[in-house]
Amino acid sequence: MFTLSIDELAAATEYARTNCVQISVHVMGDRAIDAVLVFFDGQTPWLVDRPSVRLENVTFLSEAQATRMTQSTMRFGVTTQVIFAYAEIERYRAVLTEDAMARIYPVRTLMRLLPALALSSDAPATAWADPDDPFVSMTAAVTRKAWDDTLFVPHEAITPEETIALYTSRAMDVLPFEGSGRLTIGARAEFIQLQEPFPHDGSGLHSVWQNGHCVWQAEQPTV
C-alpha cells in the first residue's frame, strides 16, 4: 500500500539534496522497497558522513535486495524494529502467509550484508509500554520470541553483543551523532555498564555513567 507518490518522493529527495540532509522513507514490505530502489537507481549520494537514504521500519528485505543496495551508486542505511513481532505477533499470524512469516525481520542476514544497519524500538508505535525499553527489543532480537513465547524465524537471531552494537556503534553508520555510540577517545563518556548474563529485562544494569562520572550503581549483593 503506497501512501507516497513518486512525484512526492522526488520533491522530498530534491529538498534533501539541496539542504544536505538525510531522507528517510518508511518501507515495511519488499514491494515498497523495490519501488524505492528503482527510484534511486543511478542517483549519486549527496552526503559523505552517512547514507543519503535511510529505509525505516524494514520488515521484509531479501538478500537480493540487500545486495542490490550495496551495489547501487546510492548509499543506503536501514533500520528495523523486531519489537513489532514481539508485541504484535497475533496480528502477524492473522494476516501473513506461512511463507511471509518465515521472512520477517531477517536481522542476521541484513547484518551480514548491509554496512549501515540499526535496530530501534520505534517507540511508542505499539500499544505496549514495555517496547519503550530497549532491552525488550534487544531481547526479541536475541531470542526471536514474542511476548507469548512464539518463535519467529529463529535462525535470524543474533548475539547479545551484536544486538548492542546495532543500537550503538553500528547504528552510528546509519545516523551518526557526534561523540556518541562508541567507546573511543574524544567521545562523550556517557554509557551504561551491564552485568552478565545479558539483562533481558533491564535488571542486569551494573552502573550508569554521565560525563565520566558514575551517577548510579546497582546494589552489590551481600555475602
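By convention here, the first residue in the shown sequence is residue 1.
- With respect to the salt-bridge test (charged N to carboxylate O, under 4.0 angstrom), the residues Asp173 and Arg182 qualify.
- Linking Ile, Leu, Val, Met, Phe, Trp and Tyr whenever their side-chain heavy atoms come within less than 4.5 Å puts Leu47 and Met74 in one cluster.
- A donor-acceptor pair under 3.5 Å is absent between the side-chain atoms of Arg170 and the main chain of Ile164, judged by distance alone.
- Between Arg93 and Asp148 there is a salt bridge, since a side-chain N of the basic residue sits under 4.0 Å from a carboxylate O of the acidic one.
- Note on ring orientation: taking the six-membered ring where Trp is involved, the planes of Phe40 and Trp46 are tilted (angle from 30° to 60°).
- Defined by atom type and a distance below 3.5 Å, a donor-acceptor pair is missing between the side-chain atoms of Gln81 and Ser137.
- In this structure, Leu55 is a member of the same hydrophobic cluster as Ile6, with clusters built from ILVMFWY side-chain heavy atoms closer than 4.5 Å.
- Defined by atom type and a distance below 3.5 Å, a donor-acceptor pair is missing between the side-chain atoms of Gln22 and Arg50.
- Between Glu161 and Val142, the closest side-chain pair of non-hydrogen atoms is not below 4.5 Å.
- With hydrogens and angles disregarded, no donor-acceptor distance shorter than 3.5 Å links the side chain of Arg103 to the backbone of Val153.
- By the 4.5 Å heavy-atom criterion applied to side chains, Trp209 and Glu190 are not counted as neighbours.
- Electrostatic pairing of Glu162 and Arg108 counts as a salt bridge here, judged by a charged N lying under 4.0 Å from a carboxylate O.
- A side-chain N or O of Arg188 and one of Ser180 form a donor-acceptor pair less than 3.5 Å apart.
- For the residue pair Tyr86 / Tyr105, no side-chain donor-acceptor distance below 3.5 Å is found, with atom types taken as modelled.
- Defined by atom type and a distance below 3.5 Å, a donor-acceptor pair is missing between the side-chain atoms of Ser52 and Arg17.
- Taking Thr184 as the reference, nothing meets the side-chain hydrogen bond (donor to acceptor under 3.5 Å, both in side chains) condition, with sequence neighbours excluded.
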